[in-house]
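This report refers to the structure that appears directly beneath it.
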Amino acid sequence: METGNLVAKVIVDVPAKDTDRTFDYLIPDSMRPWIEPGSRVAVPFGKRTVQAFVISVVPAEEPPKYRMRAIQELLDLVPPLSPDLVELGKWMSERYACNQIMALQVMIPTALKGKAERYISIAEQHAFANASPVHAIQDPDDLQRTMQSDQGEELEWALLTDDGMSDPTERRIVSFIQEKEQVPLQQLSRRFPEEAEVIKALLRRGVLQESQVIKDKLSKKTMKAVDLAISIDKASAALEKFSAKAQRQREVLAFLLERSEFLPLPLKEVLTSLSVSAATVKALEDKGYVITEDVEVFRDPYRGRRFKPTEPLPLTSEQQSVYERIVRQLDMREQGAYLLHGVTGSGKTEVYLQSIQRCISQNRQAIVLVPEISLTPQMVERFKGRFGDQVAVMHSRLSGGERYDEWRKIREGRVKVAIGARSAVFAPFRELGLIIMDEEHETSYKQEETPKYHARDVAIRRAHQHGAVVILGSATPSLESYYAARSQSNDEFAPLLLEMPTRALGNTLPEVHIMDMREELRAGNRSMFSRALHQGIAERLERKEQTVLLLNRRGHSTFVMCRSCGYVAGCPHCDISLTYHQRSNNLRCHYCGYSEPVPQICPECGSEHIRYFGTGTQRVEEELAKLFPGIRVVRMDVDTTSEKNAHEKLLKQFRDKKADVLLGTQMVAKGLDFPDVTLVGVITADSALNLPDFRAAEKTFQLLTQVAGRAGRHQLPGEVFVQSYTPEHYSVIHASRHDYASFVREELKHRRNLHYPPYCRLILVTFSHEQLPVLVRLAENYSATLQGRARQRGWFGNMDRLTSDVLDILGPVASPISRIKNRYRFQCMIKWRGNIDAIGLAQQVADEMAESAQAQKLLISLDVDPQMLM
DNA sequence: AGCACGCCGACT
DNA sequence: GTCGGCGTGCTC
């Protein structure tokens with residue numbers, strides 16, 4: 001047993017540059033057995049109490065170098081982070097140029113984001129020695145008597161001012177606090193809104209004292225419930241003399257009385273049992289008979305749902321050889337990464353499922369990452385069906401509390417498999433054996449907010465820590481991954497390529513027809529459907545088969561535009577158009593929150609021809625109805641899926657064949673699998689191609705390939721119609737031939753010529769400042785300084801040079817969104833390659849600039865390996 | 001990030 | 001003369 005004092009090195013929850021380092025705190029003896037790396041604690045920090053994470057525990061130096069304070073409180077019995085996650089946080093902070101606290105915070109559910117709550121109590125020297133916890137003092141006389149007792153004497157003195165008088169306001173406040181012993185400051189200032197000064201004075205004089213406690217913001221799930229506001233006897237009496245006019249109210253009251261031992265009752269139950277409206281209950285509430293309140297309910301997002309158990313399917317020989325390779329790696333218990341390139345329908349999921357089974361049987365756990373958009377009930381069902389309640393599911397639609405509960409199942413070892421979006425890569429398993437990332441190429445794996453991490457890189461890093469296996473699966477792997485796998489560079493983390501080129505059920509990939517929309521126009525067809533697609537839909541209607549229509553439009557906001565003059569409603573503080581919100585019927589800026597009512601006439605030209613432009617699905621729906629009277633369409637876009645479970649309902653409707661056409665944006669392209677879909681139509685294949693993004697061709701190819709894979713997955717053969725204005729574009733051509741390899745060959749050529757990933761890496765540096773001239777000067781200054789430092793280190797500045805260590809900096813130029821919250825924005829693009837610490841240098845120069853006096857209000861943000869360049 | 005200390009304008 | 005504006009400096 002250690003004899004000396006122990007010190008905890010902690011990272012405090014203060015996201016600033018100055019505090020992005022460890023601070024030392026003494027560990028009180030009582031906490032010694034509990035404090036370990038990953039523990040969450042409350043520590044005094046300056047005048048405040050803040051939350052902090054323990055990074056390491058070390059013996060205290062003798063003699064101490066500086067005054068050290070002690071940990072105030074241990075916040076969890078089981079540390080929310082494991083030592084490997086703490087280490088991962090350090091790595092992330094360097095890799096993604098963020099504060100360590102940001103990296104640690106993103107690993108745990110927001111329910112554990114503790115914030116200090118301030119409490120006010122009577123200062124110890126004045127408090128009663130044996131005060132009862134609830135000592136109700138109602139009137140001033142009562143208070144007077146209490147004050148005169150021996151125990152209250154000290155407090156009585158303290159309340160007297162210099163001239164021997166005492167202030168009635170002070171007395172009111174003090175007695176209020178005495179009643180409750182301890183009052184949250186917030187509550188106190190709500191109760192005495194005008195008396196802030198008096199409270200401050202009492203604190204200064206030491207009559208009152210303040211303490212701070214870290215409170216988790218556990219969002220409890222609640223449900224509206226009804227309770228009696230009066231006693232049962234009184235309610236029974238009231239029931240007798242209810243007027244005949246309020247018959248419904250009488251029924252409600254009687255219902256509650258009947259079930260008085262079960263109160264409070266869920267509002268929903270009352271409403272449905274009696275088939276009364278909420279207004280009836282509201283009327284009773286207004287009369288003071290009942291109250292409605294929020295009560296907590298137990299959370300399990302999948303409670304009551306049965307999942308049909310599934311057995312492992314026999315594997316095809318392709319699946320078998322991939323599976324065996326992974327099993328070999330798992331059995332070695334060594335870190336290994338695989339890129340599983342399997343065409344749509346090749347049965348990747350079954351390979352995942354059986355690999356997980358193997359991993360579990362080794363007594364290790366597995367993480368399955370899927371893009372948020374494809375974390376559909378169908379997907380969850382497949383995993384729950386195979387592994388039952390050994391699976392925890394985490395996705396953004398869960399409430400904070402549900403998420404917290406699922407996360408606890410993982411940490412407490414009650415599940416073996418975690419399936420979720422991006423952040424599930426941090427699932428706190430102890431013995432991680434396998435991490436699967438499905439649809440590896442999806443850009444949603446990159447977090448766009450700080451910390452701007454990429455789940456793929458984090459997964460590989462975590463697997464390395466645990467000696468675990470990573471499987472990156474996709475029908476259209478990202479060029480970065482594919483290039484790394486194929487070139488098998490000296491990168492020790494480069495994945496090994498595994499291929500599954502044929503469909504598991506043996507059916508062929510659907511035939512893809514490209515429709516040249518320019519030709520349609522020349523032939524006099526001005527409709528949004530080509531003649532062939534039109535006919536295809538008609539045939540499906542006749543044969544009672546189904547059609548999926550995809551509108552490839554990037555961005556998912558609805559904006560308001562004037563058809564006469566082209567005016568678009570924009571935010572006055574940000575260089576961005578306002579988004580239309582149906583629910584509140586107003587326009588909002590999603591960067592700064594500014595909102596305004598929807599204009600009835602155009603503020604520019606006065607025209608009344610002002611209307612919403614959204615994803616355009618509505619227009620397609622209208623045209624379908626016109627062309628095919630009686631056609632049943634399920635439309636999926638942001639407007640129809642914003643409600644909870646809307647997604648699921650719409651898909652079920654389609655699956656049950658209650659609709660002929662499923663129409664939607666990107667969200668219909670992913671992972672859906674309907675047996676009767678024999679036609680897939682892409683209305684506009686190339687709308688993303690003109691975007692200023694070097695990945696435009698790659699994204700177009702991926703989308704077309706994914707959507708083409710939706711057709712004919714079962715017995716019925718499938719057909720795909722792709723409408724395009726640039727049918728000669730290589731991404732369209734190769735996608736139509738299901739030819740990934742040729743697409744990659746051509747795309748890599750372009751990337752090499754233009755010096756883009758995977759031939760180099762990128763760092764996007766964004767600067768913002770209130771004054772444009774100052775901003776431009778500082779951004780130029782940054783660019784020049786970085787360029788100079790790189791030269792000093794012997795890194796070449798020209799990507800054309802065939803040397804290995806290169807750093808080139810482009811810009812500054814105005815950012816695509818050139819102003820946000822009244823701050824102008826400029827950006828630089830750093831391109832680099834080789835064995836150099838480009839990220840470290842870019843960060844270092846940014847730090848130095850932020851410190852210099854002239855750059856006071858400058859903000860610099862780095863995005864390492866950005867996905868969005870806009 | 002907060003919360004303090006510290007130095008210059010509009011008011012009792 | 002004071003209250004209070006927010007510039008800058010520190011937190012084990």
Side-chain angles (χ1 to χ4, degrees), chain A residues 4-29 31-32 35 37 39-75 86 90 93 97-106 110 112-120 184-186 189 194-201 203-204 208-217 449-451 768-771 774 821-823 847-861:
Chain A
N5 283 325
L6 286 183
V7 164
K9 292 191 172 292
V10 309
I11 298 284
V12 292
D13 184 13
V14 180
K17 214 191 124 283
D18 294 352
T19 51
D20 187 25
R21 59 186 178 87
T22 58
F23 288 83
D24 295 350
Y25 287 87
L26 288 169
I27 301 176
D29 285 342
M31 292 182 200
R32 260 172 100 142
I35 300 277
S39 293
R40 195 171 59 116
V41 293
V43 294
F45 196 62
K47 264 217 98 181
R48 300 178 296 156
T49 296
V50 297
Q51 168 179 288
F53 291 97
V54 175
I55 298 302
S56 61
V57 176
V58 297
E61 281 181 29
E62 293 292 345
K65 283 209 184 83
Y66 45 81
R67 117 196 139 97
M68 212 181 286
R69 299 167 83 178
I71 293 175
Q72 199 171 301
E73 196 187 349
L74 177 67
L75 294 174
V86 170
K90 177 81 178 130
S93 71
C98 67
N99 297 332
Q100 274 191 82
I101 190 65
M102 295 280 212
L104 296 176
Q105 210 76 258
V106 80
T110 45
L112 290 182
K113 252 195 184 165
K115 274 199 89 179
E117 190 157 300
R118 311 156 77 109
Y119 285 87
I120 303 295
L185 178 58
Q186 237 192 341
S189 42
E194 308 290 318
E195 287 87 356
E197 283 311 311
V198 184
I199 296 168
K200 267 189 216 159
L203 279 165
R204 260 200 308 277
L208 299 179
Q209 67 184 3
E210 191 201 311
S211 57
Q212 296 182 34
V213 173
I214 297 288
K215 266 270 169 76
D216 289 342
K217 60 166 169 197
E449 305 84 43
T450 314
S768 74
H769 197 278
E770 282 175 5
Q771 290 157 288
V774 180
K821 291 186 199 172
N822 279 328
R823 298 179 66 92
D847 288 346
E848 287 170 15
M849 277 199 70
E851 264 170 40
S852 79
Q854 42 171 343
Q856 273 317 301
K857 289 173 177 167
L858 179 72
L859 289 179
I860 307 180
S861 133

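In the text below, chain A, chain B and the rest are named by the order of the sequence lines, each starting its count at 1.
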*asked:* For DNA chain C, which residues of residues 13-23 of chain A approach it to below 4.0 angstrom with any heavy atom?
replied: D18(A), T19(A), R21(A), F23(A)
*Can you list the residues that meet the side-chain hydrogen bond (donor to acceptor under 3.5 Å, both in side chains) rule with E61(A), with sequence neighbours excluded?*
K65(A)
*Sequence neighbours excluded, which residues qualify as side-chain contact (heavy atoms from CB on, under 4.5 Å) partners of T49(A)?*
A42(A), Q72(A), Q212(A), I214(A)
*Check salt bridge (Lys or Arg N to Asp or Glu O under 4.0 Å) between D18(A) and all other residues, then give those that pass, not counting sequence neighbours.*
none
*Is the shortest side-chain N/O distance from R118(A) to OP1 or OP2 of dG2(B) below 4.0 Å?*
no
Close N/O contacts between protein and nucleotides 3-8 of chain C (under 3.5 Å):
none

*With sequence neighbours excluded, tell me which residues meet side-chain contact (heavy atoms from CB on, under 4.5 Å) with K47(A).*
none
*asked:* Could you work out, with side-chain contact (heavy atoms from CB on, under 4.5 Å) as the rule, every residue matching S768(A), not counting sequence neighbours?
replied: R823(A), R825(A), L859(A)
_Residues which pass ring-ring contact (aromatic ring centres under 6.0 Å, His included) with Y119(A), listed by chain and number, not counting sequence neighbours_ = none
_Under a 3.5 Å cutoff, is there a donor and acceptor pairing between the side chains of E770(A) and N822(A)?_
no
*Quickly work out the R69(A) CZ to dC10(C) P distance and round it to whole Å.*
17 Å
*Identify, with sequence neighbours excluded, every residue that meets ring-ring contact (aromatic ring centres under 6.0 Å, His included) alongside Y25(A).*
none
*Could you tell me the separation between the OH atom of Y25(A) and the P atom of dT11(C), rounded to a whole number of Å?*
10 Å
*Report the distance from atom CD of Q212(A) to atom P of dT11(C), rounded to the nearest whole Å.*
17 Å
*Report the residue from Q51(A), M102(A), K115(A) that forms a side chain to side chain contact (heavy atoms under 4.5 Å, CB included) with D13(A).*
Q51(A)
_Non-neighbouring partners of D24(A) that pass side-chain hydrogen bond (donor to acceptor under 3.5 Å, both in side chains), sequence neighbours left out_ = K9(A), Y66(A)
*If only side-chain N and O atoms of R48(A) are considered, is one of them under 4.0 Å from the OP1 or OP2 phosphate oxygen of dG2(B)?*
yes
*Would you kindly give the CD-to-C1' distance between Q51(A) and dA1(B), to the nearest whole Å?*
14 Å
_Interatomic distance, K9(A) NZ vs dC12(C) C1' [rounded to whole Å]_ = 9 Å
_Which residues share a salt bridge (Lys or Arg N to Asp or Glu O under 4.0 Å) with K17(A), sequence neighbours left out_ = E851(A)
*Write down the distance between CG (D24(A)) and C1' (dC12(C)), rounded to a whole number of angstrom.*
6 Å
Pairs under 3.5 angstrom, nitrogen or oxygen only, protein versus nucleotides 4-8 of chain B, please.
{"from": "dA4(B)", "atom 1": "OP1", "to": "K47(A)", "atom 2": "NZ", "distance (Å)": "3.3"}

